[in-house]
Amino acid sequence: MIFKILKDPEKIEQLQKRLKAKYPYTLEKFGKIVGYEMPALPQPFPRLLDLLEKGKYPQKFWGIEYYLATNEGYIDRIIPAAEYYKYAFRSIADKHYSLGLSVKRIEELGAEIKETYKAVRITLSRTSQPFFSVQTQVYSLKRELGNLFFISRSIMDSIATLMHFLYGPSSNPFSSFADFKKYICKAQHSSGSITDNEMKHYIESEMSWFSRLRDIRDYITHYKSIDISFYEQATGGIDVYLEDQFEVGELIQSIHDGVSNFLKYLDEHFSRRLKEQA
């Protein structure tokens, strides 16, 4: 992902001309565009949005543009920095809602699997091992877990792209939350760097779930498919585990709660910081 800050008017104009030449078509080439409506989503940063809409803080970014692109340039666009928070807030709202849907579906699949186990459980005569035959639910569970890991990381990286706007025009840009975490939590900063001890403390004390999420997602992405295991309990039911280490229900709840709580923290933290700067 490429995330560049452009302040030179000449370079901005050159990029705008290049993008106009790159995308000369009109949308009619695909057919007649169809409008659609969906229910409004909860605002992830209500206090911050109200502050930005009513205040003058975005004016600090007038004349600055953000260039966002994929590494190979298949998708790229330029967005006024003063307006970027509107795009990012909508994106995070969409992803957070999708995360909730994924959590709900994982819980439903887990319940289906547990009911199936009760109905068809047998004991293998040779090994005395509990055994059952399950159909597509396990593959569906793997799919939803993969979606949850992807969306969760995507929310955090979208948050990272907001940091330049929230810390001010002279701050560093980020496109990865892992990079932001490393930067804000390092012991020493160079002269002129942005420091935020409160943010550092929150990340170090409240966000172990992010390190776990990052490790699991990267391991599955690079090395293997998602591995699901079942363990029978004394009650006769089963618990569902990921990689023989993480109880799935507890894992997904910790990630969902972690993301949701961090969004609330960001809303309060940056609303307070921007008010203090006003």
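How far CD of Glu115 is from CD1 of Ile238: 10.0 Å, rounded to the nearest 0.5 Å. The distance from atom CG of Leu48 to atom CD of Gln43, rounded to the nearest 0.5 Å, is 8.5 Å. In this structure, the separation between CD on Glu13 and CG on Asp8 is 10.5 Å, given to the nearest 0.5 Å. Summarising the geometry, atom CG belonging to Asn197 is positioned 9.5 Å from atom CD belonging to Glu204; distances are rounded to the nearest 0.5 Å. Once rounded to the nearest 0.5 Å, the distance linking CE of Met156 with CG of Leu213 reads 8.5 Å.
Annotation: side chain of Ser158 is in contact with side chain of Lys95 (closest heavy-atom distance under 4.5 Å). Residues Trp209 and Val259 have side chains in contact (heavy-atom distance under 4.5 Å, counting atoms from C-beta outward). By the 4.5 Å heavy-atom criterion applied to side chains, Pro173 and Lys4 are not counted as neighbours. For the pair Ile64 and Leu6, the minimum side-chain heavy-atom distance is 4.5 Å or more. A heavy-atom distance below 4.5 Å is not found between the side chains of Ile75 and Leu68. A heavy-atom distance below 4.5 Å is not found between the side chains of Arg47 and Leu266. In this structure, the side chains of Met199 and Tyr265 come closer than 4.5 Å at one or more pairs of heavy atoms. Annotation: side chain of Ile78 is not in contact with side chain of Tyr66 (no heavy-atom distance under 4.5 Å).
Between Lys264 and Glu268, no side-chain nitrogen of the basic residue sits less than 4.0 Å from a carboxylate oxygen of the acidic one, so the salt-bridge criterion is not met. Under 4.0 Å is where a charged nitrogen must lie from a carboxylate oxygen, and between Asp50 and Lys54 at least one such pair does. Electrostatic pairing of Glu83 and Lys86 counts as a salt bridge here, judged by a charged N lying under 4.0 Å from a carboxylate O. Salt bridge annotation for Arg18-Asp76: present, with a cationic side-chain nitrogen under 4.0 angstrom from a carboxylate oxygen. Taking a cutoff of 4.0 Å between a charged side-chain nitrogen and a carboxylate oxygen, Arg77 and Glu65 do not qualify as a salt bridge. The pair Arg121-Glu232 meets the salt-bridge criterion, with a side-chain N (NZ, NE, NH1 or NH2) lying under 4.0 Å from an Asp/Glu carboxylate O.
Cluster membership for Leu141 and Tyr139, using ILVMFWY side-chain heavy atoms within less than 4.5 angstrom, is not shared. Taken together through direct or relayed side-chain contacts under 4.5 Å among Ile, Leu, Val, Met, Phe, Trp and Tyr, Phe262 and Leu41 form parts of separate hydrophobic clusters. Residues Phe270 and Leu49 share a single hydrophobic cluster, defined by chaining ILVMFWY side chains whose heavy atoms lie under 4.5 Å apart. Linking Ile, Leu, Val, Met, Phe, Trp and Tyr residues whenever their side-chain heavy atoms come within less than 4.5 Å places Ile159 and Leu51 in a single cluster. Taken together through direct or relayed side-chain contacts under 4.5 Å among Ile, Leu, Val, Met, Phe, Trp and Tyr, Leu162 and Met1 form part of one hydrophobic cluster.
In the displayed structure, Tyr23 atom OH is contacted under 6.0 Å by more than 12 heavy atoms of other residues, nucleotides or ligands. The environment of Lys17 atom NZ is sparse: at most 12 non-hydrogen atoms of other residues, nucleotides or ligands sit within 6.0 angstrom. Other residues, nucleotides and ligands contribute only 12 or fewer heavy atoms inside 6.0 Å of the CD atom of Gln135. Environment of CZ in Arg212: crowded, with over 12 heavy atoms of neighbouring residues, nucleotides or ligands closer than 6.0 Å. Residue-environment remark: NZ (Lys22) exceeds the threshold of 12 foreign heavy atoms within 6.0 Å. Other residues, nucleotides and ligands contribute only 12 or fewer heavy atoms inside 6.0 Å of the CZ atom of Phe150. The 12-atom threshold is not exceeded at OH of Tyr223, counting heavy atoms of other residues, nucleotides or ligands nearer than 6.0 Å. Applying the 6.0 Å contact sphere to CD of Gln233 captures more than 12 heavy atoms from other residues, nucleotides or ligands.
Taking the six-membered ring wherever Trp is involved, the centroid distance between the rings of Phe132 and Phe230 falls below 6.0 Å. Two rings, from Phe177 and Phe180, have their centers less than 6.0 Å apart.
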Q) What do the steps show when you test Ser152 against Leu99 for side chain to side chain contact (heavy atoms under 4.5 Å, CB included), and what is the final call? A) CA-CA 7 Å; Ser152 301; Leu99 177 61; 3.4 Å; yes
Q: Evaluate the ring-ring contact (aromatic ring centres under 6.0 Å, His included) criterion for residues Phe3 and Phe174: first the C-alpha distance (whole Å), next the side-chain angles of each, then the deciding distance (0.1 Å), finally the verdict.
A: CA-CA 7 Å; Phe3 183 74; Phe174 298 92; 9.3 Å; no
**Q.** Working for ring-ring contact (aromatic ring centres under 6.0 Å, His included), residues Tyr57 and Phe165
**A.** CA-CA 10 Å; Tyr57 180 79; Phe165 177 81; 5.4 Å; yes
Q: Take Tyr84 and Thr161 through the side-chain hydrogen bond (donor to acceptor under 3.5 Å, both in side chains) test and state the conclusion after the steps.
A: CA-CA 9 Å; Tyr84 180 69; Thr161 67; 2.6 Å; yes
Q.
Could you go through Ile2 and Thr70, starting from their C-alpha distance and side-chain angles, then the distance that decides it, and tell me whether this counts as side chain to side chain contact (heavy atoms under 4.5 Å, CB included)?
A. CA-CA 6 Å; Ile2 298 171; Thr70 57; over 6 Å; no
Q: Starting from the C-alpha separation in whole Å, work towards a yes-or-no answer on side chain to side chain contact (heavy atoms under 4.5 Å, CB included) for Trp62 and Gln59.
A: CA-CA 5 Å; Trp62 285 357; Gln59 294 178 14; 3.3 Å; yes
Q: List the steps, then state whether side chain to side chain contact (heavy atoms under 4.5 Å, CB included) holds for Thr221 with Phe149.
A: CA-CA 10 Å; Thr221 298; Phe149 296 143; over 6 Å; no
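No hydrogens or angles considered: nothing links the side chains of His269 and Tyr202 as a donor-acceptor pair under 3.5 Å. In this model, no donor atom of one side chain and acceptor atom of the other lie less than 3.5 Å apart for Tyr241 and Glu250. Asp196 and Tyr167 form a side-chain donor-acceptor contact under 3.5 Å, judged by distance and modelled atom types alone. Side-chain atoms of Tyr231 and Asp244 include a donor-acceptor pair closer than 3.5 Å. Defined by atom type and a distance below 3.5 Å, a donor-acceptor pair is present between the side-chain atoms of Ser211 and Lys181.
Side chain of Ser171 to main chain of His164: a donor-acceptor pair is present (N/O by atom type, distance under 3.5 Å, no hydrogens or angles).
Cation-pi geometry between Arg90 and Tyr87 is satisfied (NZ or CZ under 6.0 Å from the ring centre, within 45° of the ring normal).
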N/O donor to acceptor pairs below 3.5 angstrom from side-chain atoms of residues 103-111, sequence neighbours left out:
unit_1: Arg105; atom_1: NH1; unit_2: Glu108; atom_2: OE1; d: 3.3

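Residues satisfying the side chain to side chain donor-acceptor pair (under 3.5 Å) test with Glu37, not counting sequence neighbours, are none.
The aromatic rings of His256 and His96 sit parallel to each other, their planes meeting at less than 30°, with 60° as the upper class boundary.
Alongside Phe131, the hydrophobic cluster contains Ile122, Leu124 (criterion: ILVMFWY side chains under 4.5 Å).
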